[in-house]
Amino acid sequence: MRNEALRQFLMVRRARITPERAGLPSPSDRRRVVGLRRAEVAALAGISPGYYKRVERGVVGGISASVLAGLARALQLNDAERAYLADLVRGSSPSRLGHPAPPAHAVRPFVQELLAATSLPCCVLDDRLDVLAANDLARALYLPLYESADRPVNQARFTFYDAASRDYWSDWDAMADLAVSLLRGSSGRDPVDPGLAGLITELRAHSTDFRTRWAAYDVASDTAGVREINHPLVGHLTLETHSIPLPEDPGQRVLVHTPCPAAGATGQLALLASCGADLRAAGVPRPRGRHAPRGG
């Protein structure tokens, strides 16, 4: 059976590498393809053109580690893209036994205790970008996400469906790119998760922004980085996000947001903690919010 994701990924990556970027002589003839030819990828990877053609068609089952390394080198893949390629190949192997264990959706009690004990915004995210658990300060930080009517709280749905996300994320395009590339990586690790597949199908059907990014086959495996947030209660926040995988529950990771002192975020987090307490006291931790049309 042909692996369509493998075929598309290799085609998109091949189109992005020019002969000059690959260190090949500048072509003297008029090229009919964008990027590298299949024969050029094969030569750079150290395999035969016929074998590479079968791989790109997605009809090759088992591929050796050396061939994978050669393809990653020829297509100049980063670490996340290399892992995605390996996941796709494993998924297409006829000798693959069974399926991955179903993703865990319950957060272990000791992780819940860890969230409650820290004074920083801290939450648990899964491979679908569902927020499985969050401490009080993270709830206050993610207030616009909790205002959304959708449950469970999901960063991808918020980003692509909720009009508030355009204001909340200072760099909306960067966060949209990240959400899609994370879901792309997740789809390679667990192609049989019905919840993940359903989420991706839904987003592709209802969001042009998502659909365009999904076709680019960009891949990420980590949520770490800097977040620029326009919070409705405390204004602009610059936070560093640290990602801690939970090995006992594959797919789950703890996200910890730390303030950038130079940006004044420490004081803003203290103010946000106070606002969060006021919201809880008023009994309105999760009011409903407005939604963007699902064609955006």
Side-chain angles (χ1 to χ4, degrees), residues 100-162 164-165 168-169 175 178-179 182-183 185-186 189-190 193-196 198-200 203 220-227 229 231-234 237 239-259 265 269-270 272-289:
H105 302 298
V107 177
R108 294 177 187 266
F110 87 90
V111 178
Q112 297 272 15
E113 293 171 5
L114 175 66
L115 300 187
T118 182
S119 60
L120 295 167
C122 193
C123 69
V124 177
L125 213 63
D126 68 7
D127 273 348
R128 303 175 190 175
L129 303 186
D130 287 340
V131 181
L132 301 181
N135 64 8
D136 288 341
L137 190 50
R139 285 183 181 277
L141 178 65
Y142 292 158
L143 180 62
L145 281 76
Y146 282 91
E147 287 179 342
S148 172
D150 288 323
R151 288 295 180 273
V153 173
N154 181 276
Q155 290 194 354
R157 283 197 180 97
F158 170 71
T159 299
F160 289 100
Y161 288 171
D162 200 314
S165 71
Y168 182 75
W169 303 124
M175 292 305 299
L178 177 61
L182 287 168
L183 290 177
S186 298
R189 288 188 296 275
D190 191 355
D193 175 8
L196 176 61
L199 173 64
I200 292 168
L203 289 166
S221 59
D222 198 350
T223 58
V226 175
R227 300 287 189 273
I229 291 171
H231 197 278
L233 299 180
V234 299
L237 282 163
L239 303 172
E240 293 181 359
T241 300
H242 309 271
S243 177
I244 307 169
L246 297 175
E248 293 182 331
D249 294 306
Q252 290 189 14
R253 63 182 76 90
V254 176
L255 297 189
V256 182
H257 300 290
T258 60
L269 281 184
L272 185 60
S274 174
C275 291
D278 291 342
L279 286 171
R280 291 192 306 278
V284 288
R286 297 188 184 95
R288 296 168 67 91

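It should be emphasised that the depicted structure is a prediction, and the values quoted were computed from it without experimental measurement. Starting from 1, each residue takes its place in the sequence as its number.
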**Q** Is there a side-chain contact between Leu237 and His257 (heavy atoms, below 4.5 Å)?
**A**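 Side-chain contact under 4.5 Å: no.
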**Q** How many angstroms lie between atom CZ of Arg139 and atom CG of Leu272, to the nearest 0.5 angstrom?
**A**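 Between atom CZ of Arg139 and atom CG of Leu272 there are 13.5 Å.
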**Q** Looking only at non-hydrogen atoms, find the nearest pair between Asn154 and Ala156 and report the distance.
**A**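 Heavy atoms only, the tightest pair is OD1-N, 2.9 Å.
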**Q** Write down the atom of Arg253, the atom of Ser243, and the distance for their closest heavy-atom approach.
**A**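 Closest approach of Arg253 to Ser243: CD-OG, 3.2 Å.
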**Q** Between Val124 and Asp249, does a side-chain contact (heavy atoms from CB on, under 4.5 Å) hold up when you go through it step by step?
**A** CA-CA 11 Å; Val124 177; Asp249 294 306; over 6 Å; no
**Q** I need the Arg108 CZ to Glu248 CD distance, nearest 0.5 Å.
**A**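 Going from CZ on Arg108 over to CD on Glu248, the span is 4.5 Å.
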**Q** Report yes or no: does Arg151 contribute a side-chain atom to a donor-acceptor pair with the main-chain N or O of Tyr146 at less than 3.5 Å?
**A**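 Answer holds: yes.
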**Q** Looking at Gln112 and Ala133, what are the two nearest heavy atoms and their distance?
**A**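 Heavy atoms only, the tightest pair is OE1-CB, 3.8 Å.
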**Q** For the CD1 atom of Ile229 and the CG atom of Leu143, what is their distance to the nearest 0.5 Å?
**A**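 Result: 11.5 Å between the selected atoms.
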**Q** Between CG of Leu239 and CZ of Arg227, what distance do you get to the nearest 0.5 Å?
**A**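 Nearest 0.5 Å value for the CG-CZ distance: 9.5 Å.
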**Q** Enter the distance from His242:NE2 to Asp222:CG here, rounded to the nearest 0.5 Å.
**A**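 CG of Asp222 is found 11.0 Å from NE2 of His242.
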**Q** Does the pair Asp162 and Arg157 meet the rule for a salt bridge (charged side-chain N to carboxylate O under 4.0 Å, His left out), with working shown?
**A** CA-CA 7 Å; Asp162 200 314; Arg157 283 197 180 97; over 6 Å; no
**Q** Minimum heavy-atom separation for Ile200 and Leu183, please, with both atom names.
**A**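 Smallest heavy-atom distance, with atoms named: CD1-O, 4.3 Å.
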**Q** Decide yes or no for Val254 and Cys122: does some side-chain heavy atom of the first lie under 4.5 Å from some side-chain heavy atom of the second?
**A**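 Answer yes - side chains close enough.
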**Q** I'd like to check Val153 versus Tyr142 (side-chain heavy atoms, cut-off strictly below 4.5 Å). Are they in contact?
**A**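 Contact flag for Val153/Tyr142 side chains = no.
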**Q** Can you name the nearest heavy-atom pair linking Ala220 to Leu178, along with the distance?
**A**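 Nearest pair, atom of Ala220 first, then Leu178: CB-CD1, 4.4 Å.
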**Q** Any sub-3.5 Å donor-acceptor pair from Gln155's side-chain atoms to Leu145's backbone N or O?
**A**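 Such a contact is absent between Gln155 side chain and Leu145 backbone.
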**Q** Going through the checks in order, is the ring-ring contact (aromatic ring centres under 6.0 Å, His included) test met by Phe158 and Tyr168?
**A** CA-CA 10 Å; Phe158 170 71; Tyr168 182 75; 5.8 Å; yes
**Q** Okay, side chain of Asn135, backbone of Leu120: is any donor-acceptor separation there less than 3.5 Å?
**A**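 Confirmed, Asn135 side chain pairs with Leu120 backbone.
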**Q** Please walk me through it: do Thr118 and Leu137 pass side-chain contact (heavy atoms from CB on, under 4.5 Å)?
**A** CA-CA 9 Å; Thr118 182; Leu137 190 50; over 6 Å; no
**Q** Hey, could you give me the CG/OG1 distance between Leu255 and Thr241, rounded to the nearest 0.5 Å?
**A**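 Leu255 atom CG to Thr241 atom OG1 measures 6.5 Å (nearest 0.5 Å).
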**Q** Does Asp193 use its side chain to pair, donor to acceptor, with the backbone of Gly195 at less than 3.5 Å?
**A**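 Looks like yes, one N/O pair under 3.5 Å.
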